[in-house]
Chemist: 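Got a structure here, written out as structure tokens. Questions coming.
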Amino acid sequence: MRLRRLDLARYGRFEGTSLDFGPAGEATDVTVIFGPNEAGKSTAFAAWLDLLYGFQRQGHPYAFRFERKDLLVGAELETAEGPLVLQRTARNTGSLTDGSGREVAEHRLAALLHGLDRDAYRTRFSLDDAVLRAGGEEIAAAKGDLGRLLHAGTSGLSGLSRALDEVSEEVDRFYKKGGSAQVLPAAKRRLRELETQVRERRLSPTRFDELHSAVTAREAAAQDARDAVAEARRAVAYADAAARRRELRARNADLTTALEGYPKGPDMAQGVAHEVVRVAAEAREAAERERRATEDHAEAAKLLSEELMLDPEGLDLGTLLDDLDGLRFDDQPLLLRVAGAEADLEKRHAERDRLATAAGALAARLGGPEAAAEDMRLAPATLDLLESQLQEVRDAEHDLRGAQEALADAEDGLGDAPPAPQGEAALAEAWERLSAEAPDVEALREREAEADSATRLAAAGLPEGWKTDLEPEGLPTEEEVSSTVQTAARTADALAFAEEQRADAIAAREAAEARHTAAAANPAAMDIAEIQRRRRAREQAWSTHRAALDAETAETFEAAMRSDDEATAAHAEGAEARALLLRRSEELEATRAEEVAAVRYAVAARAASEAASDRLAAFAPRLLLDLGTPPEAFLPRRRALALALEAAERQRAATATLARAGKRKAELQLKVREALEVSSASLDDTPLGVAAKARLSELREAGTVLARWQTKEEQRAGLERKVKRAWERLAARKAALAEAAAGNWAVRMAPVALREALPVAAELAKTLDQVCELDHRIGRMEQALEIFEAVASRIRKVVGPAATAELLVGAARQRRTQAERIAAEIAAATKRRDDAATAVEDARAAQELAARRISELLTGQELPDGVPPDQLVSRLEERDDLRRERQRAEAEISETGRDLDAVRLDEEEAILDPVRRAGLADDLTRTEDASAAADREAGAAQQELASALKAGGGAAADQERAAILEDLTGGAREAIVRAIGAAAARTALRRLGDSRRGPMLADTEAAFRRLTGGVWSRLDTWVQGQDERLVGISEGRSVPADGMSTGTRAQLYLALRIGGHAAFVREAGPLPFVTDDILESFDDQRAGAALELTAELGSRGQAILFTHHAHLVEMARARISGVRVIELPGRDVAAA
Amino acid sequence: MRILHAADLHLDSPLRSVALRDPVLGERLRNASRDVLRKIVDLAIEHQVDALVLAGDVFDNGVPDVSARTVLSVALSRLGSAGIPTILIRGNHDGLLDHARYGPLGENVMLLDHDRPTVDISGVSFHGLSHGGQPETRSFLPRYPAPVPGRINVGVMHCSPDGTSGHDPYAPCSVSEMLGHGYDYWALGHIHKRQEWRGDSVLAVMAGIPQGRHIREVDGGSVTLVEIDGLGARAEAIPVSLIAFREVELPMPAEEAQDARTDRLRAALAVARAGDVPTVLRVALSGPGAQLFSARSGEAASYLEVLVEDIEGLHLDRVLVRAGQAPDVPALVGDLAAAMREEAKSPGFRDEAERMLTDLRDVLPSELREVLDPAELDDLIEEGLAAVAARLALAERT
């Protein structure tokens, strides 16, 4: 694939810029693109990559003048199948199209690119200064590894060695044989520490058993010690018990002697002494009571016989008064009712008579003089019902009168019905549509006139009949015209430049020929080929002479021998002359190649210029121009024609619009006229609008009048219905009143009379109720007085007569109270006399009982005469205390021996050694100390076990251990994976090196030799173990690639890339190779050599060289035959 | 009747994650299993349960630390003081539950065994059998007592119900036969993933491990609160774990802007946390960009670590590249990658790789030797080729 033309239509700062690389040269295909910094060299290369692989999706670096969506690049490619024109847009799909806008499948490009992706193409087929320097570093990093270098040469990869080394270092950081600082050994050391911690902190079953056994053993030892202590304590206890028993026995003997001086007799029982003292005190108290009772009996007997007399009648009044107080009448005490009756009875009789007389008068008003009051009485419910029904009748009568008056008013104000209007709706609709939809015909007519004027103005200067003449082919687009004019101008410029270049190249070649001729004329410049030719001539002459051995052949041989000798001598002396001749030869070859290229370029430029002129000429008739019209007139004519066409189109549209508007307005007016006729309007000469609006106003007023009359009629009919309903309601109310009056004297009365009688009837009923109430109260008073009198007659017999019931009852109560007081005093005196007699007898009995009780309590005791019981029992208590002390001593002797072995105790009691007790105490102290020590040991063992059980265990250390193991799990897997991958990569690199070794190494060697001007004459390889290293040979000295200077390594990398390019082209085919100012760090000689190598790249495929150095352009022109130079304008120029 | 059912505490069995190399997190979780036991006791008291049931593997044979018994004893005595008895059985990891050797655990702790397979609490009969020292290859179910008529019957069993996998196949048990045994509730242990089976009037629950210990134990983290009455048994899982383990797959496209990638990964990580529980996250990178993203050693892990640090309660474990994803190797190194694959097929290279593997295995701690299984050599080679090719591509791009 070859790039013929790159179109920067809209890209970066470029618009409509094309880089035309022309046809491939015959010998080499090199284009130098020259431009100052910022001229757009990098932009052009990025555009080329974008064309091949598409625009990046976000943040496109060259979307600053045009938005990304508007970016557009194109190219013409030369392929094995012919030329291919492509365009790339920013669309997400279908972004690659051909020259006609048809979508082109991406795989077509992918096939042309031999499957290389963007990065691969960029790296393999482009080269800049940075890559060149990185390549040099790669050589150093690879330490001459041939495989890596050859791979870097073909792939362009730099950093491969560093990446592989990093992988190996990562593996080594995890684990390295014999290493101790790596992750793995460090982790293993930590794991061992943690395992130790776990072992120490964790209570294993075995350790638990050990601790448990220790506890058991020490607890047993402690128990033995405690047993020894117990035995020592027992010995001390026996000794102490024996001593105590000896003391007690001595005390007993003393007590027996003391008891002999006390009365004989048994021990007094518990409490006997106290009882004897208490009973003796009681006997004394009984004697005192007997004396006081005898005196009291005598005083009571005297009172009864000499001072107190009983009143039986007064006591009997008590019963009558109690009965009277208990009587109740109408829920009140009878005495209270009797007092009220005595005061009110007479007044009630007088009031009752007055009310009966009033009732008779009311009955007479209702029923005449003969009417009985009770006959004229109406029940309260009847009275209420009649009153209610009378009110209903009054209300119904009032409603009826109101309705009748309203109806009369409505009928008076109604009048006759007005006539109904016709056709208002249709007329209103037609008029509204005419007003809203009728177009402004006059305005449209003015617009048509303006369009006609504009058309004539736009066509001014155009030939007659221009519009008709244009119709067959139509007006070409501005882009077509512009492109064709620009192409013609550009090709003309290119032709002039090419002719100039050709003249320069011929002159340069002629000068070079002259210089070469002069150098060749120098005998010292004889080259090795001439020497070899003369040597072959000498050998040929010798062969001939040896066969013939005659004089002629001898002379010929001699001449050849001399010529050979001269040549050898001249060659030996003419190294400088030969070098000059070699340079002249190379110069001549270069100028010849440049001449050929310049001639070829000029021929091509002429062909392109002529083709562009032909295409331009074809546009003249389409723009209605004469043949020969200068190109500058093409675009103005095209724009004038376009304006005229647009004006003509606008005029046609205005005429059509006017016609449609007139027709539409006439239709709307006809509809209005028809509606006026239907509404009975008179159509005279009045304008249609005036007539329609006047008729519409008349119709709307008539409609309003009719609507008002209809409303009043509806109101009158409603009032008529209301009067009818009032009559019906009045009749119903009267019937209800008659029904309420049925069955009594009111039925015979009209409503008006009844209305007057009802208050009298109510007053009569109220008066009769009051009479009944008084009758009842008088009866109850008389009944109460009768009941009281039945009791009062008996009371008067005792206390005599009284004026009122209250006075009678008061006298009776006083008599009864006095009688009751005397009776009570008699009873009290009687009881006092009887109680005193009883008390005398009781006191005497108590004294006898006490004497018997004391005698019983002291039964069996020796009783000395004349000794009061109190003193006697005190003496007996002293005796009994001594006896009890002796018994306690006996008991303590027995108690001291309880729980002790009797035999051992007796034996101990028999021992009378005074220091025995101290010895036993020492023994006890010693065994107690031993026991405490044993207990401490047992406690320590228990504590140790408890601590172990309560310890945190090895969980924390185990946790860290698990985390480390987990870390190592991942680390080990990553390490082995990387180690295997790196090993595979190294082996693969060796295999790649082997496969590419021969031809690629030869190409690289040739390139390196040329780049270094022969200083490095050869490349060779060293085998070290499994590795093969690249070395350069200079002046017989071998230098490893990584030992070369920085500049030389860069040149070696360039040579490797050239070798790699050759290998790729051999295997896959050529692709454009782009270099960007890679030669600026080279000296002139090496830069020249590099340019020649660029020419060599160009001999295998297309080479494009970007530079901003003018001298490199000149060098390229001088050294690369047929080189094409495209000059990019600077940023300022481009912007202008 | 309300019981709290737990199983497989594996006391003192350590958590296994690279994330725990973080000193703060490591310190917080150094006694995770003991802390979870305390949480279980707190829960039992809080819910006023009638009994705590531990269905085996309270301890871990791999960690024979007798002091762990003290932890258990103290915890259960606290429960006993609250009037809550504990019923437990020995699982296949419960050598430390040998009462004959280590003594009883407490007054309110009842170990069910062949000698005493049934205990009655609050009118409910609990039936259970303990594992002995030998692997149990037969079903325990036929040896379980018949249900007590007229009572609620609860079975406690450490077994492998059919249909479960991933654990030693101790005491296999048919689920249908278990559900048909006549009990009202089966409190099961041994499988670390929580699971329920329901019959007509019976519920069987595998409680699951209350605290997962590594990235493969993601389905436990709870105990089961059970209500049993005349209407049957109802179970509710209550989370107790201090930390959860999760694995998330992050697809890595071939091309992606850095900002977009950061936003996308941050969003994916933000939802990866297991509810409110702090979570250790293992990330598996997949897709055509995975190898390149992971190419430089530690780069992916450091990158993700920075993102994870901003998400509370999330901790990064390891970052893996999912096997089987074709690396996006540019054509630039394509020929070298192809040559590497070709080389990898050669017997000589396989021998060399195997030797390298053996060398590394020989120096690894014994526990890790199985991690680098020679049977996985092909996978390791494939992974190595992809990783190194990606590294070379990365080197070229940068």
Side-chain angles (χ1 to χ4, degrees), chain A residues 58 115-117 119-120 123 151 155-157 159-160 162-164 166-167 170 175 177 184 188 191 202-205 208 948-956 958-970 972-985 987-989 991-992, chain B residues 12 14-18 20-21 26 29-31 33-34 63-70 101-102 214 257 297 318 330-336 339-340 342-344 349 352-353 356-357 359-360 363-365 367-368 371-372 380-381 383-389 391-392 394-398:
Chain A
Q58 292 175 338
L116 296 180
D117 62 14
D119 289 333
T123 314
H151 186 262
S155 69
L157 266 182
L160 175 71
R162 192 165 52 253
L164 270 179
E166 282 176 3
V167 171
E170 286 162 12
Y175 158 69
K177 252 185 180 173
L184 179 58
K188 285 169 72 174
L191 283 174
R202 185 182 279 172
L203 180 56
S204 68
F208 171 81
L949 285 170
K950 289 178 183 173
D958 220 13
Q959 185 69 76
E960 184 183 348
R961 185 173 170 276
I964 291 174
L965 287 173
E966 193 67 14
D967 205 5
L968 289 181
T969 300
R973 187 175 179 91
E974 285 181 7
I976 191 65
V977 158
R978 288 182 182 140
I980 290 173
T987 313
L989 280 171
R991 286 164 58 90
L992 284 174
Chain B
D12 286 357
L15 307 184
R16 297 203 291 273
S17 169
V18 178
L20 269 70
R21 298 211 70 179
L29 297 174
R30 60 189 296 185
N31 286 313
S33 60
R34 296 185 180 195
V63 192
D65 190 345
V66 184
S67 72
R69 287 189 97 252
T70 308
R101 181 172 181 184
Y102 301 109
H214 46 73
S297 174
R318 287 164 56 194
L332 188 59
V333 294
D335 53 354
L336 178 57
M340 287 164 67
E342 195 62 30
E343 175 62 24
F349 182 81
E352 173 67 8
M356 294 163 71
L357 183 64
D359 287 350
L360 182 56
V363 294
L364 281 176
E367 299 94 322
L368 298 185
V371 173
L372 299 183
L380 294 172
I381 291 174
E383 202 175 324
L385 298 182
V388 172
R391 287 290 291 274
L392 298 177
L394 186 72
E396 189 281 325
R397 285 188 177 187
T398 54

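These figures come from a predicted structure and were not determined experimentally. Every chain is numbered from 1, with letters handed out A, B, ... down the list of sequences.
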Chemist: Can you find a heavy atom in the side chain of B:E383 that is under 4.5 Å from one in the side chain of A:I980?
Modeler: no

Chemist: Take A:D958 and A:R202, measure what side-chain contact (heavy atoms from CB on, under 4.5 Å) needs, and give me the verdict at the end.
Modeler: CA-CA 10 Å; A:D958 220 13; A:R202 185 182 279 172; 2.9 Å; yes

Chemist: If the condition is side chain to side chain contact (heavy atoms under 4.5 Å, CB included), which residues does A:E966 pass it with, not counting sequence neighbours?
Modeler: B:R16, B:V18, B:R282, B:R318

Chemist: Heavy-atom distances under 4.5 Å only: say whether A:I976 touches chain B with side chain, backbone, both or neither.
Modeler: both

Chemist: Relative to chain B, which segment of A:L184 carries a heavy atom at a distance below 4.5 Å: side chain, backbone, both, or neither?
Modeler: side chain

Chemist: At their closest point, which heavy atom of B:M340 faces which heavy atom of A:A984, and how far apart are they?
Modeler: CG-O, 3.7 Å

Chemist: If I measure from the heavy atoms of chain A, does B:A387 come under 4.5 Å with its side chain, its backbone, both, or neither?
Modeler: side chain

Chemist: Between B:L15 and chain A, which part of the residue has a heavy atom less than 4.5 Å away: side chain, backbone, both or neither?
Modeler: both

Chemist: Restricting to non-hydrogen atoms, name the atom on B:S67 and the atom on B:R34 that form the minimum distance, rounded to 0.1 Å.
Modeler: OG-NH2, 3.5 Å

Chemist: Please flag which part of B:L385 lies under 4.5 Å from any non-hydrogen atom of chain A: side chain, backbone, both or neither.
Modeler: both

Chemist: Working to the nearest 0.5 angstrom, can you tell me the gap between B:L20 CG and A:D967 CG?
Modeler: 11.5 Å

Chemist: Could you tell me which of B:S33, B:G26, B:A344, B:P365 has the largest number of non-hydrogen atom pairs under 4.5 Å with chain A?
Modeler: B:P365

Chemist: Any non-hydrogen side-chain atom of A:L965 less than 4.5 Å from a side-chain atom of A:L191?
Modeler: yes

Chemist: If you count heavy-atom pairs under 4.5 Å between each of B:I381, B:L368, B:L372 and chain A, which one has the most?
Modeler: B:L368

Chemist: If you count heavy-atom pairs within less than 4.5 Å of chain B, which of A:G970, A:A979, A:A975 leads?
Modeler: A:G970

Chemist: Between A:R973, A:R961, A:K188, A:E960, which shows the greatest number of heavy-atom pairs under 4.5 Å with chain B?
Modeler: A:R973

Chemist: Under a 4.5 Å cutoff for heavy-atom pairs, which residue among B:V371, B:L364, B:L380, B:L29 has the most contacts with chain A?
Modeler: B:L380

